[in-house]
Amino acid sequence: MRQYELRRNESAPAADDERAREVLEGLNEAQQTAVQATEGPVMIIAGPGSGKTRTLTHRIAYLIARGKAQPRDVMALTFTNKAAREMRQRVQQIIGSGSARGMWMGTFHSTFARLLRREGKHIGYTSDFSIYDTDDTDRLLRNLMKGLNIDPKQFKVRAMRSLISSAKNQLVSPDDYQRMATGAAQERAAQLYGPYVQTLRRANALDFDDLLIKPIELFETHPDILEQYQRRWRYLHIDEYQDTNHAQYKLAKLLAARHKNICVVGDDAQSIYAFRGADIGNILSFQRDYPDATVVRLEQNYRSTKTILQLADSIIKQNEDQLEKELWTENHEGEYVVLIEALSERDEAKKIEQTVRDLHVREGYSYDDFAILYRTNAQSRSLEEALRRGGIPYRVIGGVSFYQRKEIKDVLAYLRLLVNPSDQASLRRVINYPTRGIGAKTQERLFQYARREGLSAWQAIQQIDESGLSTRAQNAVERFGFLISSHAAKAESMPADELARALIKETGMLDELRNENTRESLGRWENVQELISAIAEFTAQAEEATLATFLQEVALLTDLDEDEGQGNRITLMTLHASKGLEFPVVFVSGLEEGLFPLSRAAQEREQLEEERRLFYVGATRAEQKLFLSYARSRFLYGTQESAVRSRFLDEIDPAVVRTKAGGPIKRKKNRFTLEEGDAVDYDDVDPHYYRRNLRGSHNTSAKRTRTTTRRAGTGSSSGGSSSSGRRVVYDEGAAEIVPGVRVEHDHFGEGKVQALDGEGEQMAATVFFQSVGQKKLKLKYAKLRRIG
DNA sequence: AGAATGGACTTTTTT
DNA sequence: AGTCCATTCT
């Protein structure tokens, strides 16, 4: 491909019509329209697999080829680093490597972090600011809650965080929020919001929301800076526009206000992030904001078979809220979508594993052609077990990513403290790790002293001799202060990776990990080494190769962005993580009521519709084969729950689905009547049934005495009753668990019930197992089956 | 200060 | 069932 060179200072680069024609080649009519609409606002409504990234890429290439823009005039915002990376690569492929230089292409968060590195000083941030992830903010909030006497049992930290986060995204200030907060939870959040913001500010730290909000603040208070960027980015592109939240919407609007060359791409049917503030209204109201917008629909699908598309269409048709779209494809009819029915989640995993193996062996699919999708991360476990047993290589996306691991976060905290000594969260994290004699008491006194004197924690450490702490504590704190400051002093003269290595070495962390000498600790030791090489690599090739930049970028990485893990493996991930990806063979697992859709989401229409869109997203990841699966019972949240198959299975078009055996799937006329084989939860049946059988045993206090007394092996028939007035029945036909009976447990095998105590949910059995001896097990959790 | 034990609680999805 | 937290024990 010909190199397309541009001179930087040329204000009107030469047009290259031949090149522009090339860029349009191979695009369909709708895509060409979108690419050629170079002036004014453009909205591309794109179905799944319609080549929207391709269209966006070609549009950028076209702008440059036609001389409308230089690379540096172009900005493209995506939602994942991966998407940005791919787009950059493709642009380079088309217009020549190197010519994408100067183009701002990245996620919202990383892009505006970069902007704040440059301009943050105008609103009081140095470029060394720390970025706090949810882990950091949760710790911070927990501390604040302790100070304000908010009971973390009553008000969950994550709930507080998410309330504050949505207030921030809506651009509601702490004062305003205080005024508009209603209900106990919101009032607590309002109490926390102000101190939370102050703490971050004092720490020269930003959370994820700040990365979007602070630029807005900057632009609103400094119109000259806004104008500078408005002039610079004459062409603004936003991918996945349906997932923008209010702050992102506002940023886009501010930046596009001058030139109005804003091009957004989205699919309302794939909006699945409302829970984190994404506002589907942003795409629905684009035309109201920009009445002269060119609207293009990309309705041809290049990814999936006709059958898969038909199924997807039957899913999404159930939703009320949607823009009209008619998807079609020239692809083959393809095979039926297959429904896999399983008895338990283990069985489901096994059947999926067998299917994978079968397709691999018999039809020659390679392992990386497969993806298994699920609603919650917890579901990966049974799948992993089955795959491991079957010897199938896999990778899990969305578990604990490299940069989330404790040892890595510890090292990162040290480094953050080096570049940003005000970073209190990091200081708290490492001040006594590894232990160096600065215990909880000393820390408390230190922070108290700081507060009393109006010092930052770091300043307090510098002036520790006036703190009134014991000499021993003072010495320990002083040593810590010296450790940090002596390395900080070397930051200028030493390459970042060497600095990191030296610091880590001196902390003794590595020795501690090595001395522990377990498999895990050695693994952690290796992780730390790997982190150091990552720093070295970064400093060697990044544009802004400072340690601070490294730390900021690392905070915004997700493990979806990590290396594609060389090797041929199948991929396991949540439905959310699968967005934007495609695979020849896809499994959507766990299609059960309460799980998918989640029970909490099934209550409200809007949430249910989001779950349905999630199903739509999952189904449309598949190119050739799609499998849907559910289990009749599932071990979830600690208990074995019986499950009813998802309503989604009753909504889909049965004409394109077959069971594993090849038969048609049966739709239920009425999902609330039980059919043969449906598992029954006894609590859902006639509540009076048990009561009737319990006549005559209403003396509650007497019963309590009986049930709490150990009565090994008496075998009394009243042993299974509890003071709630209900007999507890745990399994169909297996009758009650009473002292004296023999039982079987999944892990411990056979045993004999010695005694029962507790009541209701708390009821526990003392069981003597042949294998492990005596155990006390809560009946609610341990699934005991009566045998013999 | 750190280990050990016992109890409560848990599970949406994520930049 | 596992994890995290708090309290108690050494």
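Protein chains get the first letters and strands the later ones, always in sequence-line order, with residue 1 at the start of each. The basis for the numbers below is simple: all heavy atoms, side chains too, and nothing from hydrogens, waters or symmetry mates.
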(message) Heavy-atom nearest nucleotide on DNA chain B for K156(A) versus Y273(A): which residue maps closer to 5'?
(response) K156(A)
(message) Per the salt bridge (Lys or Arg N to Asp or Glu O under 4.0 Å) rule, what does the pair list look like for residues 430-445 of chain A, sequence neighbours excluded?
(response) none
Between [X] ([atom1]) and [N] ([atom2]), how many Å, whole number?
| X | N | atom1 | atom2 | result |
| --- | --- | --- | --- | --- |
| N169(A) | dT14(B) | CG | P | 17 Å |
| R161(A) | dT12(B) | CZ | P | 12 Å |
| K82(A) | dT15(B) | NZ | P | 13 Å |
| L608(A) | dT13(B) | CG | P | 18 Å |
| Q242(A) | dT15(B) | CD | P | 15 Å |
| I397(A) | dT13(B) | CD1 | P | 15 Å |
| Q154(A) | dC9(B) | CD | C1' | 15 Å |

(message) E611(A): which residues meet the salt bridge (Lys or Arg N to Asp or Glu O under 4.0 Å) condition with it, sequence neighbours left out?
(response) R375(A)
(message) Y273(A): which residues meet the ring pair (Phe, Tyr, Trp, His ring centres under 6.0 Å) condition with it, sequence neighbours left out?
(response) F275(A), H576(A)
(message) Holding to ring pair (Phe, Tyr, Trp, His ring centres under 6.0 Å), I want the full list of residues that pass it with F219(A), two or more places apart in sequence or in another chain.
(response) none
(message) Strictly below 4.0 Å, N to O, side chains only: are R114(A) and E553(A) in salt-bridge contact?
(response) no
(request) Inspect the contact between K214(A) and E217(A) and indicate whether a charged nitrogen and a carboxylate oxygen are less than 4.0 angstrom apart. (result) yes
Describe the nucleic acid contact of [X] in one word from base, sugar-phosphate, nothing, applying a heavy-atom distance below 4.0 Å.
| X | answer |
| --- | --- |
| F79(A) | sugar-phosphate |
| R158(A) | sugar-phosphate |
| F108(A) | nothing |

N/O (side chain, [X]) to phosphate O (OP1/OP2, [N]) under 4.0 Å:
| X | N | answer |
| --- | --- | --- |
| N377(A) | dT12(B) | no |
| R381(A) | dA1(C) | no |
| K579(A) | dT14(B) | no |
| T574(A) | dT14(B) | yes |

Every protein N/O lying under 3.5 Å from an N/O of nucleotides 1-4 of chain B:
residue	atom	partner	partner atom	Å
dA1(B)	OP1	G439(A)	N	3.1
dG2(B)	OP1	T435(A)	OG1	2.9

(message) According to a cutoff of under 5.5 Å between the ring centres and under 30° between the ring planes, does F275(A) stack with the base of dT13(B)?
(response) yes
(request) For the side chain of T376(A), starting at C-beta, report the closest nucleotide among dT15(B), dT12(B), dA1(C). (result) dT12(B)
(request) Output the single nucleotide from dT15(B), dT11(B), dT12(B) whose closest atom is nearest the side chain of E611(A). (result) dT12(B)
(request) For residues F648(A) and I315(A), determine if any side-chain heavy atom of one lies less than 4.5 Å from a side-chain heavy atom of the other. (result) no
(request) Spell out yes or no: do the side chain of R375(A) and the base of dT13(B) have one donor N/O and one acceptor N/O closer than 3.5 Å? (result) yes
(message) If I pick the C1' atom on dT13(B) and the same atom on dC4(C), what distance separates them, to the nearest angstrom?
(response) 22 Å
(request) Output all residues satisfying side-chain hydrogen bond (donor to acceptor under 3.5 Å, both in side chains) with T620(A), sequence neighbours left out; order by chain, then residue number. (result) none
